[in-house]
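Just the heavy atoms: all of them, side chains too, but no hydrogens, waters or symmetry mates, feed the values below.
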Amino acid sequence: MISEASSFTPQTIASPLTQLLWLIPALPIAASGIIALLKQPRRKLASTLAIGSLSISLLLSLWAFAHVLAGWANHLAVRETYNFTWIQVGSAYVDLGWILDPLAAVMLVMVSLVGLLIFIYSVGYMAHDENYTRFFCFLSLFAGAMLGVVISNSILLLFMNWELVGLTSYLLIGFWYAKPTAAAAAKKAFITTRFGDVFFFLGMVWLFAQTGTLLFYNYGAGSLEGLALNNLLAQHAAFGITVAGAIGLLIFCGAAGKSGQLPLHVWLPDAMEGPTPVSALIHAATMVAAGVYLIARVYPLMSAGMPLIGHPGVTALNGALAVVTWVGALTAVFAALIAIAQNDIKRILAYSTVSQLGYMMAGLGLGGVAVGMFHLITHAFFKALLFLGAGSVIHGCCDQQDIRRMGGLRADMPLTFATYAIGMLALCGFPLVFSGFWSKDGILEAAHSGAIQGPYYLLVFGALLTAFYMMRQVSYVFFGYWRGHHPAHESPRVMTMPMAVLAFFAIALGVIGTPAWPWFRSFLNGQPAHFDFHGFAEPGLLSLMVMSSFVVLFGLWLGWKIYGNKSPSPEEPDALEKAAPALWCGLRDRLYVDEFYGITVIAFYYWWARVTDFFDRRVWGGVVAAVAWLFQLWARFNNFFDDSWINGGFDKSCEEFSTGGGLLSRVENGRVQIYLRILAAGMVVLVAILFWMVRP
């Protein structure tokens, strides 16, 4: 919900800590550069450099968080920026900078902590991979790029790191590039996200053209501050949309690409082709979270001019936030439906991620930054836990990923089962105990109190589907009897310990977001937090919690009723497939979105490629060939003219001069008698001429 204005005193002067904030992303990036120079056998050094650099980044992030927390405790709304001129040409210049505020501080701790746990897990998971060193090089660069996105106070600097995240995701998704499916998934992810990034870039250029700055905050002169926002609101783009709304929609296209929102979601499930630690990092703490964080960072632009109706919890959506809300709500249901019919353990979690990102986007659109970001933070921990748990299952089942060929693993892998169950219940939003319940209910509360009710019903239905498909997955994997070919075994401690830490946070983080102690919302909004059980007395809240709990419990019960302890053979059709085969096939085939793109967008580009090839070869190539023929003809004419006229005339003159010179050379032979004879003959000729001229 939209918060009231902060009652804290603003604090904007950059501290020495803020000036050193660049070290947080720089350390993992520097480690990546050093690892890139190492030889493949230096495996231990590579992982040590990656883990060590990110550990230092985590310590610096905790220091930054403590700094902001201390200011908040002293009733100071901390937003410190450090800006500097990057490029200057004459009177034109481009500034970059970084920012430290509650939003950045929370994200820094989450990214570095979850990333560090995934790094440690990777030591065990990738232990036998021959490209172990290269893996940690890419992983470290990925984490550094995401941390760079978080601290950016310039949309240009954010875009640079944003594109670096896209590059490293391409390298990591296609890490096993010898597999055609992995190479295809990497290209699909890169091209799809670039499509959204084109619109993001256009929005950035338009924002710079309108505000004259690329900085978000610059002591009142930033693009997200009052003067610039008022100017953007005063201008209209088209169809009644203000320039602020149009720029916000362009930026949202980039966020939708990174965060897998409709219709740019198709790359995210295929990203499962990368190693499982990559899936955990992409789907929990880094790449997909970048899109949600971007909307949260530019929220003043997205929400510019949005009025309050009734009370702070009821809002009227402007154009940009309405699009964000509806896209998020539709994505949440769409992806949850597809997840029901998937059999790959990681692909189920991938569609779950797409669905939960839809919840986050809807939370941002309906409830503001604190509501959407709280679900992002809780989701990062329990979704990382689920992916690492899936990796542990795959590792223990000899690389098997089909849930139909698993079963009964709760006995063979008790630690994995216990932590995975915690992550599953947190994702489903099991009542009261798990963090996912409080963050999901915050979104449902904002949706229920909104001016439009459509997203609310979609999100409730999505919660039911989430509980159902996760119970289906857990029933197939951990209950019943073993249906694999090789006996399963528990993963090593280097893999299970990070899962235990994540499981702890999957439960504990709920404490900071309850109605009795809404610490997280107060911290982000710059308001004092008070512990008061009267928070549960907010009108309609208890009934909403009861309804939400019933939906989740019903979904879990329904999933258990259909799949619990059934253990069907891998060749036997799914229970839902028997009941509704046509619907099941549609969901299993991802509602044919990829096929639709294949016969529309991709077919169009193939056709356009053939058209351009025709024009290139036949039209433009023909024009070039005709021009070349004309020049060849002109060259032949010049050659003929040169050889026949110029060279011929010159050669004839030279021949005549040579002949005349030969004749003269016979006379000029040095014999005096000849000279006297010529002189005498000349005298005779002169006398004759003189006689002829003087005769009467």
Side-chain angles (χ1 to χ4, degrees), residues 114 117-129 272 274-281 283-284 339 342-350 352-353 381-428 430 433-434 436 467 469-507 556 559-560 563-570:
V114 176
L117 293 172
I118 294 173
F119 276 37
I120 296 171
Y121 176 94
S122 301
V123 173
Y125 190 87
M126 300 296 292
H128 302 293
D129 196 283
M272 296 300 96
T276 299
V278 173
S279 303
L281 200 59
H283 287 254
Q342 302 305 306
N343 295 316
D344 186 299
I345 186 172
K346 289 171 60 179
R347 191 171 291 273
I348 294 171
L349 296 179
S352 169
T353 300
F381 285 92
F382 61 68
K383 185 52 65 68
L385 170 60
L386 288 170
F387 270 107
L388 296 189
S392 179
V393 169
I394 295 168
H395 181 270
C397 296
C398 302
D399 297 328
Q400 179 60 255
Q401 295 186 206
D402 192 336
I403 62 174
R404 296 171 298 178
R405 300 186 182 277
M406 300 176 186
L409 291 182
R410 70 185 187 279
D412 298 317
M413 308 180 69
L415 291 176
T416 299
F417 169 66
T419 54
Y420 199 92
I422 291 173
M424 182 272 275
L425 293 173
L427 172 61
C428 296
F430 192 84
V433 180
F434 299 94
Y469 69 69
M470 287 306 298
M471 180 54 76
R472 172 181 178 268
Q473 185 198 57
V474 168
S475 298
Y476 265 112
V477 175
F478 293 103
F479 291 92
Y481 62 88
W482 173 245
R483 300 179 298 277
H485 299 295
H486 304 284
H489 58 85
E490 184 61 274
S491 299
R493 182 166 297 183
V494 72
M495 296 172 63
T496 56
M497 287 306 296
M499 293 162 57
V501 175
L502 290 169
F504 168 77
F505 283 104
I507 298 174
L556 292 173
W560 180 258
Y563 297 102
N565 274 330
K566 299 296 176 63
S567 295
S569 66

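- S392 contributes no side-chain N or O that, together with a main-chain N or O of L388, makes up a donor-acceptor pair within less than 3.5 Å.
- Ring pair Y476/Y563 is tilted by interplanar angle, where 30° to 60° counts as tilted.
- Here NE2 of H489 is found 7.5 Å from CE of M413. Values are rounded to the nearest 0.5 Å.
- Across all their heavy atoms, A384 and V114 have their closest contact at CB-CG1, 3.7 Å.
- Ring pair F434/F430 is perpendicular by interplanar angle, where above 60° counts as perpendicular and below 30° as parallel.
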- Could you go step by step and tell me if V433 and L425 meet the side chain to side chain contact (heavy atoms under 4.5 Å, CB included) rule? CA-CA 9 Å; V433 180; L425 293 173; over 6 Å; no
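- When all heavy atoms of K383 and S352 are compared, the closest pair comes out as NZ-OG, 3.1 Å.
- Between L409 and V393 the shortest side-chain heavy-atom distance falls below 4.5 Å.
- Stacking of R410 on the aromatic ring of F417 is not recorded, the 6.0 Å distance cut-off and the 45° axial limit not both being met.
- W560 and F479 have perpendicular rings, their planes meeting at more than 60° on a 0 to 90° scale where under 30° would count as parallel.
- Although no hydrogens or angles enter the test, the distance criterion places a donor-acceptor pair under 3.5 Å between the side chain of S122 and the main chain of I118.
- A 4.5 Å side-chain heavy-atom check between C428 and L556 finds at least one atom pair inside the cut-off.
- Residues L349 and H283 form no side-chain contact, since every pair of their non-hydrogen atoms from C-beta on lies 4.5 Å or further apart.
- Shown are R472, R405, Q473; of these, the side-chain hydrogen bond (donor to acceptor under 3.5 Å, both in side chains) with N343 is made only by R472.
- The two residues G124 and V494 have their closest heavy-atom pair at CA-CG1, 3.5 Å.
- Rounded to the nearest 0.5 Å, atoms OH (Y420) and CZ (F382) are 12.5 Å apart.
- By the 4.5 Å heavy-atom criterion applied to side chains, K346 and I394 are counted as neighbours.
- Rounding to the nearest 0.5 Å gives a distance of 10.5 Å between NE2 of H395 and CD of E490.
- Closest non-hydrogen pair, A488 versus C397, comes out as CB-SG, 4.2 Å.
- The nearest pair of heavy atoms linking A350 to F387 is N-CZ, 3.9 Å.
- Here the OG atom belonging to S279 is positioned 10.5 Å from the CZ atom belonging to R347, to the nearest 0.5 angstrom.
- Between A506 and I422, the shortest heavy-atom distance links the atoms CB-CG2, 4.1 Å.
- Note that CG of L386 and CE of M499 are 9.5 Å apart. Values are rounded to the nearest 0.5 Å.
- A 4.5 Å side-chain heavy-atom check between V477 and I345 finds at least one atom pair inside the cut-off.
- Residues T419 and L385 have side chains in contact (heavy-atom distance under 4.5 Å, counting atoms from C-beta outward).
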